[in-house]
Amino acid sequence: MPRLNDQVRELLQEYADLINITGGDAFRARAYEKAARAVGGYPEDLADLDLKGLQQIPGVGKSTAAKIAEYLATGRIPALESLRARIPSGVREMMAVPSVGPKRALALYRDLGIASVDELAGAIRADRLSGVAGLGERSGEKILHGIELMRQSGGRTLLDVATELAEQLVAALSAVPGCTRCAYAGSLRRMRETVGDIDVLATADDSAPLMAALTELPYVAEVIGSGPTKTSVRTTQGIQVDLRVVPEEDWGAALVYFTGSKAHNIKLRTMAVRAGLKLSEYGLFEVDGTAKKAAKGTKAAKEAKSAAGTTGTTGAKKDGGADARTEGVKVVSETEDEVYAALGLPWIPPTLREDRGEIEAALNGELPDLIEESDLRGDLHTHTDLTDGLATLTEMIDTAAARGYSYYAVTDHAPDLVMQRMTAEKMLAQREELRGLADRHRKLRLLHGTELNIGPDGGVDWPPEFLAGFDVCVASVHSHFNLDRTAQTRRLIRACENPYVHIIGHLTTRRIGLRGPIDVDLDAVFEAAARTGTAIEINSSPQRLDLRDEDILRAKRHGVRFSIDSDAHATGHLAYPRFGIGTAQRGWLTTEDVINAWTWQKLKRFLRKDALQI
DNA sequence: GCCGTTTTCGGCCCGACTGTTTTCAGTCG
């Protein structure tokens, strides 16, 4: 079950969408949208607020507060339900398709009876759209492409949503009597940017109470299958959860197996076979004498055998039986450390387990010392309510201080993003205010920055003399996503060459499942970033995670430095870097690669890019 | 529906882009 604030945000957003679709007052719809965002980003739990407290939330007035209170009391909002009765849910879902908004969704439903994304795709393929609702052939192609983009990530869940659900599941299952261990595994443990389902692993002598507990959770909508070792369910959010229960002595092998990746496991199993062993989710086993002979002489075999000799006795006693799954003598199974050690390997962090060279690196003792969330000393890209953030300057700063940072940059939008209505005066007033807060938190150094807009020609807002007044400048692409590759590359290189630009924000501008990356020669941009001492951001927002892991690996080879930032627009978003850290780990980054893991003294030298070049 | 050191009424982020239109509607950031 999502956090109550998030539930209410979703309901208010739905209400706003339905007002838009039904042609209601656009300003009224916008008011609900604004309230939805404010509620989602509000630090206090709605359940703790009364009617008066609810109205303290910016953008929430009498009417919205009453609806929220009604929902808290009864679990229903009648006004929303009456709108739902008029518009099928699929019509609203069509609005998620790029280039389909409320007007088109309604027209498609009203004129053609199309009431779902699937039906929309079918209608375009059958050429039923042309000429209707002001949509021509090009629009059809565009919409179809958008649907395909959605489906690529389709059915996949964003990292933050999956993490929250998985943590709730683990907490609930861990509390079941008889459960001795419980953790989530799969692609979520590897921190892939999206996950297809959630794998939860638990140990217990008797699996039945755990299976029952899972199927009885309030947010489980459907039981797909249930047996003694595995139960699969679907949540009310439509996410599939697989629970597997194994004996406690098999924890390690099972965790390796269910964490994956598939390619990583295949490689481990191949190593095991060469060493005369067999690796499965039930453990690492000695197969027979002939296999061992065949493997004799290989490095892995020798190490595996010697490691096996030290740990092999305990497991063997228990598993002498003739079960085909556990045929042979069990060598190890209890911890991941043991399983890797038995194969002659150090433990490999889950975020590296993609068969991208981690096993070879492990064999050579060259695994990177990965950066961790606790290594971050600050956040260099955040917003306040001066532009499109939800929280005030002091609220953001107080939350940052509570995270234990030693420095923190406020980087509100610059004027070329016209809708933000920024001016030099407003920016200077904010700087004044920020400087006045310098002593508010003894250990937190406050930096005044901005997020500049990289224009189509690579220029940014404001002249050099004004830019020189900022402590830190992030520069990002917010428009002209469709420039050709040459122009796109040129503009980003020019931004890197700007002596006042320290960090390139969300470089590819992708939004997972919604918008693909811009067409750009990344290697050329990485080369320019490394040459000019410009950091590339790892934007930690779960909708972006930009750069993505594979591009981080490429950038690192060019000698690029990175900044792992939240791009927070609310106090709650300041926790996003955990996802950026996961992505950075998947890109093999260490603290040396990440400028905001550095001490202030070292970061300060990096930010002197302009002084060094002018 | 929300909000107020320009407003308790009358505004509300505003401009660009796209495809379709023959003068603009819809979508997006």
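Just the heavy atoms: all of them, side chains too, but no hydrogens, waters or symmetry mates, feed the values below. Order of the sequence lines sets the chain letters (A, B, ...), proteins ahead of strands, with each chain counted from 1.
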Could you tell me how far apart [X] ([atom1]) and [N] ([atom2]) are, to the nearest whole angstrom?
{"X": "A/Met422", "N": "B/dG15", "atom1": "CE", "atom2": "P", "value": "17 Å"}
{"X": "A/His569", "N": "B/dG29", "atom1": "NE2", "atom2": "P", "value": "13 Å"}
{"X": "A/Asp385", "N": "B/dC13", "atom1": "CG", "atom2": "C1'", "value": "14 Å"}
{"X": "A/Arg37", "N": "B/dG29", "atom1": "CZ", "atom2": "C1'", "value": "12 Å"}
{"X": "A/Met95", "N": "B/dG26", "atom1": "CE", "atom2": "C1'", "value": "12 Å"}
{"X": "A/Glu33", "N": "B/dC13", "atom1": "CD", "atom2": "P", "value": "11 Å"}
{"X": "A/Leu80", "N": "B/dG1", "atom1": "CG", "atom2": "P", "value": "14 Å"}
{"X": "A/Tyr15", "N": "B/dC2", "atom1": "OH", "atom2": "C1'", "value": "15 Å"}

Can any side-chain N or O of [X] pair as donor or acceptor with the backbone N or O of [Y] at less than 3.5 Å?
{"X": "A/Thr571", "Y": "A/Thr399", "value": "no"}
{"X": "A/Glu395", "Y": "A/Thr392", "value": "yes"}
{"X": "A/Thr532", "Y": "A/Cys496", "value": "yes"}

statement: Closest to the 5' end of DNA chain B, once A/Gly61 and A/Phe27 are matched to their nearest nucleotides, is A/Gly61
message: Is the distance between the ring centroids of A/His478 and A/His506 under 6.0 Å?
response: yes
- prompt: Does the gap between the ring centers of A/His502 and A/Phe606 come in under 6.0 Å?
  reply: no
For [N] versus [M], give the span between their [atom1] atoms, rounded off to a whole number of Å.
{"N": "B/dC2", "M": "B/dC13", "atom1": "C1'", "result": "15 Å"}
{"N": "B/dG29", "M": "B/dT23", "atom1": "P", "result": "29 Å"}
{"N": "B/dG11", "M": "B/dA16", "atom1": "C1'", "result": "24 Å"}
{"N": "B/dG10", "M": "B/dG15", "atom1": "C1'", "result": "23 Å"}
{"N": "B/dG1", "M": "B/dT7", "atom1": "P", "result": "24 Å"}
{"N": "B/dC28", "M": "B/dT22", "atom1": "P", "result": "23 Å"}
{"N": "B/dT18", "M": "B/dC12", "atom1": "P", "result": "27 Å"}

- prompt: A/Arg515 side chain: which of B/dT27, B/dG29, B/dG15 is closest?
  reply: B/dG29
- prompt: Out of B/dG26, B/dC12, B/dC2, which has the shortest distance to the side chain of A/Lys103?
  reply: B/dG26
message: Under 4.0 Å, heavy atoms only, any strand: does A/Lys34 hit a base, just the sugar-phosphate, or nothing?
response: nothing
message: Quick one, A/Asp565 with A/Ser563, criterion side-chain hydrogen bond (donor to acceptor under 3.5 Å, both in side chains). Give me CA distance, side-chain angles, the key distance, then yes/no.
response: CA-CA 6 Å; A/Asp565 299 319; A/Ser563 182; 2.9 Å; yes
message: Can you confirm whether the side chains of A/Gln488 and A/Asp484 place a donor and an acceptor under 3.5 Å from each other?
response: no
Once you round to the nearest 0.5 Å, how far does [atom1] of [X] lie from [atom2] of [Y]?
{"X": "A/Glu527", "Y": "A/Ile493", "atom1": "CD", "atom2": "CD1", "answer": "7.5 Å"}
{"X": "A/Phe466", "Y": "A/Met427", "atom1": "CZ", "atom2": "CE", "answer": "7.0 Å"}
{"X": "A/Ile504", "Y": "A/Glu537", "atom1": "CD1", "atom2": "CD", "answer": "10.0 Å"}

query: Considering only heavy atoms, which members of residues 423-431 of chain A lie under 4.0 Å from some atom of DNA chain B?
result: none
- prompt: Centre of A/Phe481's six-membered ring, under 6.0 Å away, within 45 degrees of the axis: is that where NZ or CZ of A/Arg510 sits?
  reply: no
message: Under 4.0 Å from OP1 or OP2 of B/dC2: is there any side-chain N or O of A/Thr64 that close?
response: yes
statement: As its Watson-Crick or G-U partner within any shown strand, both distances under 3.5 Å, B/dG1 has B/dC12
Interface polar pairs with nucleotides 16-19 of chain B, N/O, under 3.5 angstrom:
residue : atom : partner  : partner atom : Å
B/dC17  : OP1  : A/His480 : NE2          : 3.0
B/dG19  : OP1  : A/Arg138 : NH2          : 2.9
B/dG19  : O3'  : A/Ser139 : OG           : 3.2

